[in-house]
Novice: 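Next up is a structure, given as structure tokens.
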Amino acid sequence: MSVAKKEYKRITVKTLVDMKAKGEKISMLTAYDYTMAKIVDGAGIDVILVGDSASNVMAGHETTLPITLDQMIYHASSVIRAIERCLVVVDLPFGSYQSDPKEALRSAIRIMKESGAHSVKMEGGKEIKDSIKRILNAGIPVMGHLGLTPQSIYKFGTYTVRAKEEEEANRLIEDARMLERIGCFAIVLEKIPSKLAQQVAESVSIPIIGIGAGPNVDGQVLVLHDMLGMTHEFNPRFLRRYMHLYDDMTKAISQYVDDVKSVDFPNEEEKY
Ligand SMILES: Nc1nc(=O)c2c([nH]1)NC[C@@H]1CN(c3ccc(C(=O)N[C@@H](CCC(=O)O)C(=O)O)cc3)CN21
Ligand SMILES: CC(C)C(=O)C(=O)O
Ligand SMILES: [Mg+2]
């Protein structure tokens, strides 16, 4: 059991900033549906991310680009019905905020109004500064996302570690400082060298939540289906699997098939 779990009644954006100040690490996982979100919330997670990784994990797309705002709202509203304690962050999907600040605000408002979520997350630094400011001005908390930003995968062509060059590293720190200055409550930092991630975390007072960013940040995030071992073809070095559900589920399901075929199921107690 982790220390100080369930110390907070309800996690808010302010709780997260306080946790960083106290040196308490923040735990975050994705969820896209009611049943999973209920388990994750009940287990004591601090933050649930309704990630646009639903595009891969739920819909089977190769990238996060195809998922729509309507689909994100559907996932987010299912998650919101399940949770009692954690903070819910929803990814603004590709195409719902890049055109201009007004479009960005409209998309964020739809998520807040139609799903009941508590905050939104957006990929990018100074390119989307005006859009983030607009959303923040409407009273909607925004989480930033820097480093590997999967919505721009076609600009880079690979999922390799980001910001290995000094110039990129400096821009990353600048972007993080800017996001803090304009009022973001936290930043996800994806797939960057551990040392640089630590430097970013030390440069701002808002929490830095890492995925493939090493231990010296303020919290960690993983995709739920990855850490449960359901996505067995996804194997980045940063992933720790806590279960091997792909194998266990395969065994259970093939056992069921056998039981149906052999009429082992249903038995005397399982009939009326
Ligand atoms: N299931 C899932 N888990 C995720 O963490 C995730 C998604 N989907 N979809 C959206 C983004 C994409 N993310 C990614 C995608 C690939 C790597 C990655 O490391 N890929 C390769 C290495 C590629 C390379 O080094 O060139 C790997 O080792 O699997 C990391 C994060 C994180 N997000
Ligand atoms: C990997 C996390 C940070 C994410 O953005 C997602 O799941 O969509
Ligand atoms: Mg995402």
Side-chain angles (χ1 to χ4, degrees), residues 1-6 11 24-64 67 75 78-79 82-83 85-91 121 123 143 145 147-151 153 158-162 186-195 197-198 201 207-257:
M1 281 308 247
S2 59
V3 247
K5 202 163 89 173
K6 294 200 164 142
I11 311 278
E24 182 182 343
K25 300 287 186 189
I26 295 161
S27 61
M28 172 160 148
L29 282 173
T30 62
Y32 318 112
D33 67 85
Y34 175 85
T35 302
M36 290 293 215
K38 205 169 181 65
I39 297 170
V40 173
D41 179 77
I45 208 83
D46 297 315
V47 186
I48 285 183
L49 172 66
V50 182
D52 58 354
S53 52
S55 182
N56 309 94
V57 178
M58 294 285 105
H61 293 296
E62 203 164 312
T63 71
T64 56
I67 199 163
H75 288 298
S78 307
V79 166
I83 61 108
R85 180 181 160 276
C86 62
L87 182 82
V88 176
V89 184
V90 182
D91 266 340
K121 177 162 81 58
E123 295 182 9
M143 178 180 277
H145 183 157
L148 195 168
T149 48
Q151 292 177 12
I153 182 59
T158 71
Y159 288 99
T160 48
V161 176
R162 298 298 197 259
I187 302 170
V188 161
L189 211 51
E190 181 162 351
K191 233 184 148 174
I192 65 161
S194 176
K195 235 179 157 167
Q198 175 174 0
I208 298 296
I209 301 177
I211 171 165
N216 300 320
V217 289
D218 309 302
Q220 300 292 331
V221 58
L222 284 175
V223 166
L224 179 64
H225 294 66
D226 295 341
M227 63 86 79
L228 295 177
M230 295 175 91
T231 51
H232 74 325
E233 67 290 345
F234 185 72
N235 274 309
R237 188 217 291 235
F238 65 72
L239 174 59
R240 182 182 293 183
R241 290 203 171 91
Y242 289 81
M243 295 185 81
H244 295 87
L245 276 187
Y246 191 95
D247 299 330
D248 291 347
M249 288 177 73
T250 302
K251 269 185 222 142
I253 293 162
S254 67
Q255 183 65 56
Y256 170 75
V257 171

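Atom set for the values below is all heavy atoms of this structure, side chains included, hydrogens, waters and symmetry mates excluded. Worth saying up front: this structure is predicted, and the values here are computed from it rather than measured. Numbers here are sequence positions counted from 1.
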Novice: Closest approach of Val188 and Met143, non-hydrogen atoms and distance?
Specialist: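 Closest approach of Val188 to Met143, heavy atoms only: CG2-SD, 3.8 Å.
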Novice: Looking at every non-hydrogen atom in both residues, tell me the closest pair between Asn56 and Glu62 and how far apart they are.
Specialist: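 Looking at all heavy atoms of both residues, the shortest contact is ND2-O, 3.0 Å.
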Novice: Please give me the minimum heavy-atom distance between Arg85 and Asp41, naming the atom from each residue.
Specialist: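 Looks like N-OD1, 3.0 Å.
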Novice: Would you give the length of the straight line joining atom NZ of Lys38 to atom CD1 of Ile48, rounded to the nearest 0.5 angstrom?
Specialist: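 Interatomic distance, Lys38 NZ to Ile48 CD1, rounded to 0.5 Å: 11.0 Å.
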Novice: Would you call Leu29 and Leu222 a side-chain contact if the rule is heavy atoms closer than 4.5 Å?
Specialist: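 They are in side-chain contact.
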Novice: Can you check whether Thr250 reaches His232 side chain to side chain, under 4.5 Å on heavy atoms?
Specialist: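 With C-beta onward as the side chain, the pair stays apart.
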Novice: Tell me if the centroids of the rings in Tyr32 and His225 come within less than 6.0 Å of each other.
Specialist: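 Yes - the distance between ring centres of Tyr32 and His225 falls below the 6.0 Å cut-off.
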Novice: Between Gln198 and Asn216 (side chain of the first, backbone of the second, donor and acceptor by atom type, cut-off under 3.5 Å), is there such a pair?
Specialist: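 Absent.
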Novice: If you count heavy atoms of other groups shown closer than 6.0 angstrom to OH of Tyr256, is the number above 12?
Specialist: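 Result for OH/Tyr256: open.
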Novice: When rounded to the nearest 0.5 angstrom, what distance separates CD1 in Ile45 from CD1 in Ile83?
Specialist: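 It comes to 13.0 Å.
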Novice: Taking all non-hydrogen atoms of both residues into account, name the closest pair between Ala54 and Ile67 and its distance.
Specialist: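 That would be CB-CD1, 3.8 Å.
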Novice: Are the side chain of Thr30 and the backbone of Leu224 linked by a donor-acceptor contact shorter than 3.5 Å?
Specialist: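 Yes; judged by distance alone, with no hydrogens or angles, the pair exists.
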Novice: Stepwise, does the side chain to side chain contact (heavy atoms under 4.5 Å, CB included) test hold for Gln255 with Val257?
Specialist: CA-CA 5 Å; Gln255 183 65 56; Val257 171; over 6 Å; no
Novice: Does a side-chain heavy-atom distance below 4.5 Å link Val223 with Thr231?
Specialist: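 Sidechains of Thr231 and Val223: no contact.
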Novice: More than 12 non-hydrogen atoms from neighbouring residues, nucleotides or ligands closer than 6.0 Å to OH on Tyr246, yes or no?
Specialist: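 Atom OH in Tyr246 is not crowded, with 12 or fewer foreign heavy atoms closer than 6.0 Å.
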Novice: Apply side chain to side chain contact (heavy atoms under 4.5 Å, CB included) to Arg241 and Asn235, showing your working.
Specialist: CA-CA 10 Å; Arg241 290 203 171 91; Asn235 274 309; 3.0 Å; yes
Novice: So which atom in Ile153 and which in Thr158 form the shortest heavy-atom distance, rounded to 0.1 Å?
Specialist: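 In this case the closest contact between Ile153 and Thr158 is CD1-O, 3.2 Å.
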Novice: Check the side chains of Ser78 and Asp33 for a donor-acceptor pair under 3.5 angstrom, ignoring hydrogens and angles.
Specialist: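 Side-chain D/A pair, Asp33 to Ser78: absent.
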Novice: Could you point out which residue of His75, Lys121, His145 forms a side-chain hydrogen bond (donor to acceptor under 3.5 Å, both in side chains) with Asp91?
Specialist: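 It is Lys121, the one option of His75, Lys121, His145 that forms the side-chain hydrogen bond (donor to acceptor under 3.5 Å, both in side chains) with Asp91.
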Novice: Can you measure from CD1 (Ile211) to CG (Asp226) and round to the nearest 0.5 angstrom?
Specialist: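 These two atoms lie 7.5 Å from each other.
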Novice: Taking Ser55 for the side chain and Thr63 for the main chain, is one N or O donor matched with an acceptor at less than 3.5 Å?
Specialist: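 The answer is yes, because a donor-acceptor pair under 3.5 Å joins these two groups.
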Novice: What verdict does the side chain to side chain contact (heavy atoms under 4.5 Å, CB included) test give for Gln220 and Lys25, after you've listed the backbone C-alpha separation in whole Å, the side-chain angles of each residue and the deciding distance to 0.1 Å?
Specialist: CA-CA 8 Å; Gln220 300 292 331; Lys25 300 287 186 189; over 6 Å; no
Novice: When rounded to the nearest 0.5 angstrom, what is the spacing between CE in Met243 and CE in Met227?
Specialist: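 Taking CE in Met243 and CE in Met227, the distance rounds to 9.5 Å.
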Novice: Could you pull out the closest heavy-atom pair between Gly210 and Val217, with the gap in Å?
Specialist: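 Result for this residue pair: N-CG2, 3.9 Å.
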Novice: Mark yes or no for whether Asp46, through its side chain, and Met28, through its backbone, hold a donor-acceptor pair below 3.5 Å.
Specialist: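 Side chain of Asp46 to backbone of Met28: no pair is present.
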Novice: If only atom types and distance count, is the side chain of Glu190 paired as donor or acceptor with the main-chain N or O of Ala213 below 3.5 Å?
Specialist: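 No, the answer is negative, given that no donor and acceptor are paired below the 3.5 Å cut-off.
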Novice: Mark yes or no for whether Lys191, through its side chain, and Tyr159, through its backbone, hold a donor-acceptor pair below 3.5 Å.
Specialist: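 Yes, because the side chain of Lys191 sits within donor-acceptor range (under 3.5 Å) of the backbone of Tyr159.
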